[in-house]
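Here's the structure we're looking at; comments come further down.
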Amino acid sequence: TNANRTVGLVLSNLVGTASLGIASATLTITDNDSLVSFTSASYTVVENAGFASITLNRAGASSQVVSVNFATANGTAVAGTDYTAVSQLVTFTSGQTSATVNVPVVNTLIIDGNRTVLMNLTASVSPANAAVLNNSLAPTNATLTILDNDILVGFNAATFTVAENGGSATITVTRTGQTNASVTVNFATANGTAINYLDYIGTNGTLSFAAGVTSQSFIIPVLDNTAGNLNKTVSLSLSTAATALPNVVALAISSATLTITDNDSPVTGGTNDSTFAPLFNGTVYAVKQYQPGGTSSGTSQSAVLTNNI
């Protein structure tokens, strides 16, 4: 398309007795071409939006019907997995200067990053088609970026360890993926082989991640019971992760184990007197350990409460 153009017309060198009337005039050559293009070289869409609306523009003459071919191709996005491939004829009716093509996108519900779709316009072959495509004048190639909106929240490891005389264990929870929205997740502890209030103090609650925050933690107090009773475990869990739309949040490592390592050396070689005693959380064993050769009337080496023998 090159707009309307003019040609100057002049009459001169009149011969004979005739006189000149209108001696000059202008011929206007009306441009009937249409420059069709994308309105931008790049488009974006959030993956859970359903589809991306791609707008095409028509410049120059608009009185005629013109058509172009629109097609998509894989960039880093894969047709059938991340989006639905589109190949169609786009027609501008007389007077129409814009048109829209919808490219369906798939909400994958996994952390897979932003992905791209390549788009291209080509001329529709027809003697009457006056569509002009020129990428140097206006974009006939464009890229659609599908924005991954998913967030994963989980323990940063499946196992944690703390010495029983360490005072407490710090448990870290992280999030990956989009960080532009706030996220909450519930946490809780439960007995493994460790016993609540005997080996540790159980806890539960909610961790809140503000926009841009990728790590949070909670504390589990551990108790030093001064008896050689082997390593003990605490079960850790995450549940009910939530975020504001349009983001989707899912749990990554949602279960983990805290091992409380025993730092005591058991007394060996003695004799045991065992009696049963009730405690607030059930029946326990009261165990006295004596020096080798000692009796119940002798001096005890240590006395502990435990629900294991």
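Values below: every heavy atom of this structure, side chains too, minus hydrogens, waters and symmetry copies. Owing to the predicted nature of the structure, the values given are computational and were not obtained by experimental measurement.
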Path from Val222 to Phe218 over hydrophobic side-chain contacts below 4.5 Å: yes

Enumerate the residue pairs fulfilling salt bridge (charged side-chain N to carboxylate O under 4.0 Å, His left out) with a member in residues 59-73, sequence neighbours excluded, ordered by first and then second residue. none

Regarding Thr174 and Thr214, is there a side-chain donor-to-acceptor distance under 3.5 Å anywhere? no

Thr143 versus Thr116, side-chain donor and acceptor atoms under 3.5 Å: no

Assess whether side chain to side chain contact (heavy atoms under 4.5 Å, CB included) is satisfied between Leu121 and Leu56, documenting all intermediate values. CA-CA 10 Å; Leu121 298 178; Leu56 308 183; 3.9 Å; yes

Full working for side chain to side chain contact (heavy atoms under 4.5 Å, CB included) between Thr140 and Thr122: CA-CA 8 Å; Thr140 58; Thr122 57; over 6 Å; no

Can you measure from OG (Ser42) to CE (Met119) and round to the nearest 0.5 angstrom? 8.5 Å

To the nearest 0.5 Å, tell me how far Tyr200 OH sits from Asn225 CG. 14.0 Å

With a 4.5 Å limit on heavy-atom distance, are the side chains of Thr170 and Ser217 in contact? yes

Side chains of Val103 and Phe51: closer than 4.5 Å at any heavy-atom pair? no

Under the 3.5 angstrom rule, does the side chain of Thr233 hit a backbone N or O of Gly192 as a donor-acceptor pair? no

Apply side chain to side chain contact (heavy atoms under 4.5 Å, CB included) to the pair Leu230 and Asp262, showing each step before the final yes or no. CA-CA 5 Å; Leu230 304 179; Asp262 183 28; 5.5 Å; no

What's the spacing between Thr189 OG1 and Ile171 CD1 if we round to 0.5 Å? 10.0 Å

Shared hydrophobic cluster, Ile220 / Leu198 (ILVMFWY, side-chain heavy atoms < 4.5 Å): no

Any sub-3.5 Å donor-acceptor pair from Asn149's side-chain atoms to Val46's backbone N or O? no

Measure the shortest side-chain to side-chain distance between Ile219 and Thr203 over non-hydrogen atoms and say whether it is less than 4.5 angstrom. no

May I ask you to decide if Asp224's main-chain N or O and Asn165's side chain share a donor-acceptor pair within less than 3.5 Å? no

Any sub-3.5 Å donor-acceptor pair from Arg175's side-chain atoms to Phe209's backbone N or O? no

Considering all heavy atoms of both residues, which atom of Ala138 and which atom of Leu35 are nearest to each other, and what is their separation? CB-CD2, 4.2 Å

To the nearest 0.5 Å, how far apart are CD1 in Ile146 and CG in Asn48? 11.5 Å

Single-linkage hydrophobic cluster, 4.5 Å side-chain cutoff, Leu258 and Tyr197 together: no

From Asn191 CG over to Thr193 OG1, what is the distance, rounded to the nearest 0.5 angstrom? 9.0 Å

Would you sort out whether Ser53 and Asn102 count as a side-chain hydrogen bond (donor to acceptor under 3.5 Å, both in side chains), showing the intermediate values? CA-CA 5 Å; Ser53 294; Asn102 291 331; 3.1 Å; yes

Using side-chain contact (heavy atoms from CB on, under 4.5 Å) as the criterion, point out the one residue from Asn156, Ile253, Leu207 that pairs with Val173. Leu207

I'd like to check the side chain to side chain contact (heavy atoms under 4.5 Å, CB included) partners of Asp112; sequence neighbours left out, ordered by chain and number. Glu47, Asp82, Thr108, Ile110, Arg115, Asp148

Does any non-hydrogen side-chain atom of Leu118 lie less than 4.5 Å from one of Asn141? no

Decide side-chain hydrogen bond (donor to acceptor under 3.5 Å, both in side chains) for Asn57 and Ser37; before the verdict, give the C-alpha distance in whole Å, the side-chain angles of both, and the deciding distance to 0.1 Å. CA-CA 5 Å; Asn57 183 65; Ser37 65; 4.7 Å; no

Single hit among Thr259, Leu236, Thr257, Val234 for side-chain contact (heavy atoms from CB on, under 4.5 Å) with Phe160: Leu236

How far apart are the closest heavy atoms of Asn114 and Thr145, and which atoms are they? CB-CG2, 4.1 Å

Is there a side chain to side chain contact (heavy atoms under 4.5 Å, CB included) between Phe70 and Phe38 once you walk through the steps? CA-CA 10 Å; Phe70 174 97; Phe38 292 104; 3.6 Å; yes

How close do Asn196 and Gly202 get, heavy atom to heavy atom, and via which atoms? OD1-N, 2.6 Å

For Ile22, I'd like to know if atom CD1 has over 12 heavy atoms of other residues, nucleotides or ligands within 6.0 Å. no

Strictly distance-based, threshold 3.5 Å: is any side-chain N or O of Arg58 a donor or acceptor partner for the main-chain N or O of Gln96? yes

Check whether any side-chain heavy atom of Leu144 lies under 4.5 Å from a side-chain heavy atom of Val45, and answer yes or no. yes

Considering only heavy atoms from C-beta outward, does the side chain of Ser215 approach that of Thr172 to under 4.5 Å? yes

On a heavy-atom basis, which atom in Ala123 and which in Asn69 lie closest, and how many Å separate them? O-ND2, 3.4 Å

Do Gln178 side-chain atoms and Asn180 backbone N/O form a donor-acceptor pair below 3.5 Å? no

Determine yes or no for a side-chain-to-main-chain donor-acceptor pair under 3.5 angstrom, with Tyr43 supplying the side chain and Thr55 the backbone. yes

If you compare all heavy atoms of Phe155 against all heavy atoms of Ala256, which two are closest, and at what distance to 0.1 Å? CD1-CB, 3.6 Å

Interatomic distance, Asn231 atom CG to Thr161 atom OG1 [nearest 0.5 angstrom]: 8.5 Å

Measuring only between side-chain heavy atoms, which start at C-beta, is Leu223 closer than 4.5 Å to Ile201? yes

Verify side-chain hydrogen bond (donor to acceptor under 3.5 Å, both in side chains) between Asn186 and Asn204, making sure each step is shown before the conclusion. CA-CA 7 Å; Asn186 296 336; Asn204 63 78; over 6 Å; no

With clusters defined by side-chain heavy atoms of hydrophobic residues (ILVMFWY) lying less than 4.5 Å apart, directly or transitively, does Leu147 cluster with Val183? no

Check whether Val185 and Ile151 end up in the same hydrophobic cluster, where Ile, Leu, Val, Met, Phe, Trp and Tyr are linked by side-chain heavy atoms less than 4.5 Å apart. yes

Hey, are the side chains of Val162 and Thr261 touching, using non-hydrogen atoms and a 4.5 Å cut-off? no

